[in-house]
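Each remark here refers to the structure printed beneath this line.
We count ligands from 1, going down the list as the structure has it; atoms in each ligand are counted the same way.
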Amino acid sequence: MSSIHTCSDARRLAKKRLPWMVFDYIDGAAGEGHAERLNRERIQSIRLQPRVLNNVEQRELAVDVLGSRCLRPFGISPMGMCNLSSPQADSWLAAFAAKHEVPVGVSTAASTSLERMIELANGNAWFQLYFSGNEDSSNALITRARNSGYKTLVMTVDVPEVGRRPRELRRGFKMPFNLGPSQLLDFSLHPRWSISTLIKGRPELANFGGQYGAFERTASRAGADWTLLQRIRDNWPGHLVVKGVLSVDDALRMQAMGIDAVQVSSHGGRQLDSAPPAIDCLARIRQAVGIDYPLFFDSGLRSGEDIVRAYAVGANFVFMGRPLLFAMAAEGQRGLEQLGQVLTQEASIALAQLGVRCIADVGRHMIVAD
Ligand SMILES: Cc1cc2nc3c(=O)[nH]c(=O)nc-3n(C[C@H](O)[C@H](O)[C@H](O)COP(=O)(O)O)c2cc1C
């Protein structure tokens, strides 16, 4: 029997199992964590109007996303070094994506190569690009993604500089690990994680090394600008999603230049502690871009009801981040499946309470005004 009945359960169990350094890498946020906390609080403050007697026996949680049918109403956010949560995390995420036909975001900083991930995900993978500061090496990654069959490229634009995350700094988090006395103590106090990591091998930045050169996680990407995005748009034949947008003006400009979808996100509060709650930005951006333009959302979703709330505010699809890593750290692949089921059930029950049969029909009119 799983002990995961909520996202908080997954986080609590993961906190026991993971070395402090790894837990703080995943759980941490920019500055004092205000943006991260506000993301969650603002989502949870949204009240939805229950409706009764609508015959909601048959409910549909599948949604169309950029021309593909996703069997779950949420996908997997791109996250760097997922295998830190558990040595097989990437392959479990890819298996989840394949089974439920949802996209798994494959980070530039993934711990499994982009070629392997799309294979494991049976095509249900989107490649997430971090501009490296050097256009040639970014283009080389784009070419690899294209050659290995990716149809959707996600360009993350909210990391001109990596956010200052004090919890990582205090633990001396670095890739590859810096093995000083405090890390050795940390690892020895978390033997289950340490032994499995020792057996399976230390996670690597698998898209780099050898012929592909090096990747510096904290390198500046501040040189990226609108002309770079335009060049990527012109050269990428598939769907192009821009992730990490919080401004109405930026979203409108992306819509005008033919970006297929904007992902409203504050990187889970990991970049700017004074950022506004991402869900509030979603509301403003939806109003500005109109009802037909695809908007995706992540940052602070912690339940199936939260997922429904984001659809009510204006998302066409949403992505989960930290809770999935915690579920795997807590209970491995079974934990991931269990949390996926919890989220789906919670969303389905919420639909029933709201008197709607289909998640795509959830809308702003269901939000109870403050
Ligand atoms: C450990 C970790 C690593 C991340 N790495 C990346 C990354 O490589 N690329 C990216 O676009 N976003 C990355 N993100 C941000 C997520 O894609 C997503 O925006 C965020 O986690 C969503 O918020 P949530 O964790 O509150 O669900 C990372 C997030 C976490 C927690």
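- Residues Glu346 and His5 bring no donor and acceptor atom of their side chains to less than 3.5 Å of each other.
- Of the protein's non-hydrogen atoms, the one nearest atom 28 (C) of ligand 1 is Met79 CG, 3.7 Å.
- Residue Phe319 places no heavy atom under 4.0 Å from ligand 1.
- In this structure the side chain of Leu66 reaches within 4.5 angstrom of the side chain of Val241, judged on heavy atoms.
- Contact check for Val318 versus Asp298: no side-chain heavy atoms found under the 4.5 Å cut-off.
- Among all non-hydrogen protein atoms, the one lying nearest atom 15 (C) of ligand 1 is His267 CD2, 3.4 Å.
- Among Ala29, Gly28, Ser77, Gly80, the residue whose heavy atom lies nearest to atom 18 (C) of ligand 1 is Ser77.
- The contact set between ligand 1 and Ser299, taken as ligand atoms under 4.0 Å from a residue heavy atom, comprises 22 (C), 23 (O), 26 (O).
- Phe96 places none of its side-chain heavy atoms less than 4.5 Å from the side chain of Leu93.
- In this structure, the ring of Phe326 has its center less than 6.0 angstrom from the ring center of Phe23.
- Between the side chains of Ser111 and Asp90, a donor-acceptor pair is found at a separation under 3.5 Å.
- Within ligand 1, the atoms closer than 4.0 Å to a non-hydrogen atom of Ser107 are 7 (C), 8 (O), numbered from 1 in the order shown.
- Taking any N or O of Arg302, backbone or side chain, at least one lies under 3.5 Å from an N or O belonging to ligand 1.
- In this structure, atom 13 (C) of ligand 1 lies nearest to the protein heavy atom Pro78 O, 3.0 Å.
- With respect to Asp250 and Arg253, no salt bridge is recorded, no charged nitrogen being found less than 4.0 Å from a carboxylate O.
- Atoms of ligand 1 lying under 4.0 Å from any heavy atom of Gln128, numbered from 1 in the order shown and given with element: 7 (C), 8 (O), 9 (N), 10 (C), 11 (O).
- Residues Phe131 and Val157 have side chains not in contact (no heavy-atom distance under 4.5 Å, counting atoms from C-beta outward).
- Contact of the Arg302 side chain with the Arg322 side chain is registered, since non-hydrogen atoms from C-beta on lie closer than 4.5 Å.
- Each of the atoms 19 (O) of ligand 1 lies under 4.0 Å from some heavy atom of Ser265.
- Of all atoms in ligand 1, numbered sequentially from 1 with element shown, those under 4.0 Å from a heavy atom of Tyr25 are 1 (C), 3 (C).
- The distance criterion of under 3.5 Å between nitrogen or oxygen atoms is met by Gly300 with respect to ligand 1.
- For a threshold of 3.5 Å applied to N or O pairs, the pair formed by Ile26 and ligand 1 contains no separation below that value.
- Contact between Ala278 and Val264 at its shortest, heavy atoms only, is O-CG1, 3.6 Å.
- Residue Lys243 touches ligand 1 through its side chain alone, judged by heavy-atom distances below 4.0 Å.
- Between Glu36 and Arg165, none of the side-chain N atoms (NZ, or NE/NH1/NH2) sits under 4.0 Å from a carboxylate O, so this pair counts as no salt bridge.
- Counting heavy atoms from C-beta outward, Glu305 and Gln44 have side chains that stay 4.5 Å or more apart.
- Distances shorter than 4.0 angstrom do not occur between any heavy atom of Glu36 and any atom of ligand 1.
- Counting protein heavy atoms only, atom 7 (C) of ligand 1 is closest to Tyr130 OH, 3.1 Å.
- Taking atom 27 (O) of ligand 1 as the reference point, the nearest protein heavy-atom neighbour is Gly321 N, 3.0 Å.
- Each of the atoms 10 (C), 11 (O) of ligand 1 lies under 4.0 Å from some heavy atom of Thr156.
- Closest protein heavy atom to atom 19 (O) of ligand 1: Asp298 OD1, 2.8 Å.
- The shortest heavy-atom distance from Arg270 to ligand 1 is under 4.0 Å.
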